[in-house]
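In listed order, ligands and their atoms are each counted from 1. Fair warning: this is a prediction, and the values are worked out from it, not measured in the lab.
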Amino acid sequence: MTVPLFDPTTPLEPLRERLEEALLDVLDDGRFILGPNVEAFERELASFLGARHAIGVANGTEALTIALRALGVGPGDEVVVPSFTFYASAEAIPPTGATPVFCDVDPQTFLATPETVRAVLTPRTKAVIAVHLFGNVAPVPEIAALGVPVVEDAAQAAGSIGPDGRPGALGALATFSFYPSKNLGALGDGGAITTSDDELADRVRMLRFHGSRDKVTYTEVGYNSRLDELQAAALRVMLPELEHWAAHRHLAGAWYEEAGLAELCDLPVPTPASAPAWHLYVARCDRSDELIAGLQARGIGARAYYRTPVHRQPAMARWGAGARLPGTEEAAARHLALPISAAIGWEQVVEVVGAARAVLRP
Ligand SMILES: *Cc1c(COP(=O)(O)O)cnc(C)c1O
């Protein structure tokens with residue numbers, strides 16, 4: 001049995017007719033940018049997350065840049081971001097004119113903590129990006145208690161839930177990506193920014209439309225960054241499924257445990273009182289490259305996502321050169337992603353664990 005690393009298409013099969021209908025409705029309606037589906041999706045997403053506002057944008061990377069700009073981040077400011085994350089979390093900072101400052105992560109949860117953030121705060125720190133990596137819920141209120149506004153990068157955490165609510169409703173602002181492989185994936189690129197602050201929401205709406213509120217006066221240099229109507233229509237069909245997709249991702253994590261994965265490698269560690277909708281199911285193992293190669297040879301999807309952490313990427317050399325981040329280095333060296341999706345079955349999980357055992361304990 002082959003088991004793919006992720007499977008974005010099987011969960012969509014039962015929705016096919018409704019998706020076709022929704023897309024054809026947009027075609028008939030003829031409003032393709034900032035129309036009724038975007039408005040309705042923004043309301044529905046905000047309500048699902050427990051935030052006052054959601055604002056659709058073009059993708060998760062621009063969502064971060066615009067969220068930072070809404071907070072007033074600009075030249076001369078510093079923005080703290082973990083180095084163990086997808087590159088875009090940090091890439092979104094320099095376009096604001098601010099400097100990325102890399103913080104460490106707890107190598108067990110893969111997340112920034114109040115301690116790792118505090119270690120790099122300076123009087124110039126204007127914002128912290130807390131990444132809910134792999135769907136695990138970052139301690140946003142505890143980080144915000146350090147006195148700097150937090151932007152949640154919730155690109156990988158749609159559907160997760162933590163002790164203080166859902167990612168997307170925990171920081172000053174939060175950002176989502178609807179890249180097709182994410183927990184809530186569109187049929188192309190898309191993103192959103194959420195906030196419960198009316199003024200920040202107004203600034204985000206202004207920035208996503210060329211820095212204008214009325215299409216006549218342009219008050220700031222902004223962006224052309226919008227979620228389009230076709231994507232919003234598709235996302236509206238999918239959003240009601242997110243809760244049970246998320247529950248399945250969480251359950252699959254429990255299956256890995258039940259199937260005995262802990263005898264072979266270190267399991268993902270959810271933060272206290274959280275139920276992560278695992279976007280990626282990322283274990284840790286000293287022999288992770290060997291395990292990845294062995295699993296792939298047996299038809300099982302497995303890979304390391306972030307072997308080279310962001311602060312050591314060539315484009316970040318200017319800002320990352322001096323950073324000493326032992327938790328990040330450990331996570332980068334030991335992590336490996338195993339198959340997970342909203343459609344993965346118990347037999348597939350058993351197959352993965354059996355293959356891992358064959359590789360590590362032949
Ligand atoms: C996917 C992702 C992004 C970027 O989203 P795009 O829609 O691809 O621009 C940002 N941060 C994290 C953690 C992501 O996983």
Side-chain angles (χ1 to χ4, degrees), residues 5-6 8 41 45 54-69 79-96 100 102-103 105 109-112 127-138 140 150-160 167-168 170-171 173-194 204 208 223-228 231-232 234-235 238 246 249 268 271 276-282 303-311 313 315-316 328 331-332 335 337 340-341:
L5 185 57
F6 49 88
F41 175 67
L45 179 65
I55 299 113
V57 294
N59 57 64
T61 309
E62 287 188 350
L64 276 170
T65 302
I66 293 171
L68 293 171
R69 284 281 311 276
V79 176
V80 173
V81 64
S83 172
F84 190 70
T85 180
F86 178 51
Y87 174 71
S89 304
E91 183 192 28
I93 299 168
T96 67
F102 295 99
C103 72
V105 294
T109 61
F110 299 123
L111 304 178
V128 176
I129 296 176
V131 184
H132 301 291
L133 199 68
F134 307 139
N136 209 1
V137 183
V140 173
V150 174
V151 174
E152 302 171 67
D153 181 346
Q156 300 189 359
S160 290
L170 307 175
L173 298 130
T175 63
F176 288 88
S177 164
F178 306 122
Y179 183 81
S181 69
K182 305 279 159 117
N183 290 2
L184 179 63
L187 309 176
D189 277 312
I193 297 163
T194 57
V204 168
R208 83 167 161 181
Y223 305 84
N224 173 8
S225 186
R226 299 173 303 227
L227 180 65
D228 60 59
Q231 298 304 339
L235 287 164
M238 296 181 210
R249 287 176 177 277
T271 47
W278 298 116
H279 168 58
L280 297 169
Y281 191 74
V282 180
R303 64 169 279 203
Y305 274 82
Y306 313 128
R307 269 296 178 258
T308 304
V310 180
H311 76 284
Q313 293 293 342
M316 293 288 148
T328 298
H335 79 286
I340 198 153
S341 75

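Classification of the Trp278-Tyr281 ring pair by plane angle, with boundaries at 30° and 60°, yields perpendicular.
The main-chain N or O of Gly168 is found under 3.5 Å from a side-chain atom of Glu152 such that the two form a donor-acceptor pair.
Both the backbone and the side chain of Asn59 come within 4.0 Å of ligand 1, counting heavy atoms alone. Only the side chain of Lys182 comes within contact range of ligand 1, with a heavy atom under 4.0 Å; no backbone atom does.
Residue nearest to atom 10 (C) of ligand 1, selected from Thr85, Leu280, Asp153: Asp153 (by heavy-atom distance).
Side-chain contact of His132 with Gln156: a donor-acceptor pair under 3.5 Å is absent, judged by distance alone. Side-chain contact check for Arg69 and Tyr223: at least one donor-acceptor pair (N or O, by modelled atom type) lies under 3.5 Å.
Listed by atom number, the atoms of ligand 1 under 4.0 Å from Ser89 heavy atoms are 11 (N), 13 (C).
Residues meeting the side chain to side chain contact (heavy atoms under 4.5 Å, CB included) test with Ala67, sequence neighbours left out: Val151, Leu173, Thr175, Ile193.
Between Leu133 and ligand 1, no N or O atom pair is found at a separation short of 3.5 Å. Geometrically, ligand 1 and Thr61 share a nitrogen or oxygen pair separated by less than 3.5 Å. The shortest N or O to N or O distance between Ser177 and ligand 1 is under 3.5 Å.
In this structure, Arg303 is positioned above the aromatic face of Tyr305, its NZ or CZ under 6.0 Å from the six-membered ring centre and within 45° of the axis.
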